[in-house]
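Accompanying notes for the structure given below.
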Amino acid sequence: SAMSLERRILQYVQQQALRGDPDSVMAAIDKFGWEREFAMNVGDVKGVILDRFVKETAPKTMLELGTYMGYSAIRTVRLLPETARFITVEFNQENAAVAKEMIAFAGLQNRIIQIMSDSAEVIPQLKTKYGVETLDMVFIDHWKDVYLRDIKLLETNELLRKGTVVVADNIIKPGAPDYADYVRTCGKYDSTFHESNYEYSNDIDGLEKSVYRG
Ligand SMILES: O=C(c1ccccc1)c1ccc(O)c(O)c1[N+](=O)[O-]
Ligand SMILES: [Mg+2]
């Protein structure tokens, strides 16, 4: 069809969900994922584990790499106080445009700072251009082959501090083996794997939670 998958999901949300109600937006996206077509959101099964990490960490400043349609941004910010600062980065302009409308529909546009750019460009600018001192939490969910590049950029740009929690999606499927090996063996993180299911599927996947030792 002429309309992209992401645009069709946005339209479905606008018809099925309640404007200003993040939970109904998430529920509509998940219903579409289970009942109609696969979409690469973290989803409702891994999402429960992500929720737990967010609640435990209660970040004041958080970075997300890979906005996609805004599902995990909405999922996360709904658990944070108004004072929290949530920055999300998306390189694909069409997906970022859909996310902007999805986030606005959920009523969270004032709580989420969306950056439409390459994470390799943005990370070195977070301190100077975005006023970030250090990050309390990071959610990595963009292209699997740049997870490792970007966590090293976060380190060298001194954006991590003792106790920063870095959560990464898709450790099994599609997989980020070089990243998983690094955080588990480099000695800079206390890293644990949390097995779950791939979004909208019974396949195995999971999240890696890596706490920076400082
Ligand atoms: O890379 C894919 C992918 C690869 C091949 C086909 C479809 C999707 C993917 C799959 C599940 C995810 O949760 C995810 O975040 C991504 N992603 O692109 O970032
Ligand atoms: Mg993912």
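In listed order, ligands and their atoms are each counted from 1.
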Would you mind running through ligand 1 and noting each atom that sits below 4.0 Å from a heavy atom of W143?
-> 1 (O), 18 (O)
Can you establish whether the number of heavy atoms outside K60 located under 6.0 Å from its atom NZ is more than 12?
-> no
Name the closest protein heavy atom to atom 10 (C) of ligand 1, giving the residue it belongs to and the distance to 0.1 Å.
-> Y198 OH, 3.3 Å
Given side chains that start at C-beta, do those of Y189 and I151 come closer than 4.5 Å, heavy atoms only?
-> yes
Does the side chain of N170 come under 3.5 Å of the side chain of D205 through a donor N or O and an acceptor N or O?
-> yes
Distance in Å, L126 CG paired with T134 OG1, rounded so as to fall on 0.5 Å steps = 11.5 Å
Would you say P174 contacts ligand 1, with heavy atoms under 4.0 Å as the rule?
-> yes
Residue E133 excluded, over 12 heavy atoms near CD under 6.0 Å = no
Please report which non-hydrogen protein atom sits nearest to atom 8 (C) of ligand 1, along with the residue it belongs to and the distance in Å to one decimal place.
-> M40 SD, 3.7 Å
Would you kindly say whether D30 and Y200 are connected by a side-chain donor-acceptor distance under 3.5 Å?
-> yes
Looking at ligand 1, does any of its N/O atoms fall within less than 3.5 Å of an N/O of K173?
-> no
Residues K144 and Y179: side-chain donor-acceptor under 3.5 angstrom = no
Give the atom name of whichever N/O/S atom in D169 sits closest to the Mg ion (ligand 2).
-> OD2
Tell me whether Y68 has at least one N, O or S atom under 2.8 Å from the Mg ion (ligand 2).
-> no
Atom indices of ligand 1 within 4.0 angstrom of K144 heavy atoms, with elements | 14 (C), 15 (O), 16 (C), 17 (N), 19 (O)
Are F32 and L5 side-chain neighbours, meaning at least one heavy-atom pair lies under 4.5 Å?
-> yes
Is there side-chain contact between Y212 and K188, with at least one heavy-atom pair below 4.5 Å?
-> yes
Considering only heavy atoms, does D141 approach ligand 1 within less than 4.0 Å through its side chain, its backbone, both, or neither?
-> both
Do me a favour and list the nearest non-hydrogen protein atom to atom 13 (O) of ligand 1 with residue, atom name and distance?
-> E199 OE2, 2.5 Å
Cluster question for you: counting only ILVMFWY and a side-chain heavy-atom cut-off of under 4.5 Å, with indirect links fine, are V167 and V132 together?
-> no
Checking distances from the Mg ion (ligand 2), one finds that the N, O or S atom of D141 closest to it is OD1
Carboxylate-amine/guanidinium proximity below 4.0 Å for E64 and R75 = no
Close N or O approach (K46, ligand 1; < 3.5 Å) | no
With a 4.0 Å cut-off on heavy atoms, does Y68 reach ligand 1?
-> no
For atom 7 (C) of ligand 1, what is the nearest protein heavy atom, given as residue, atom name and distance?
-> F38 CE2, 4.4 Å
Heavy atom of protein closer than 4.0 angstrom to atom 16 (C) of ligand 1 | yes
Numbering as shown, the atoms of ligand 1 that approach D169 to under 4.0 Å (heavy-atom distance) = 13 (O)
Under 3.5 Å, N or O to N or O, is H142 touching ligand 1 that way?
-> yes
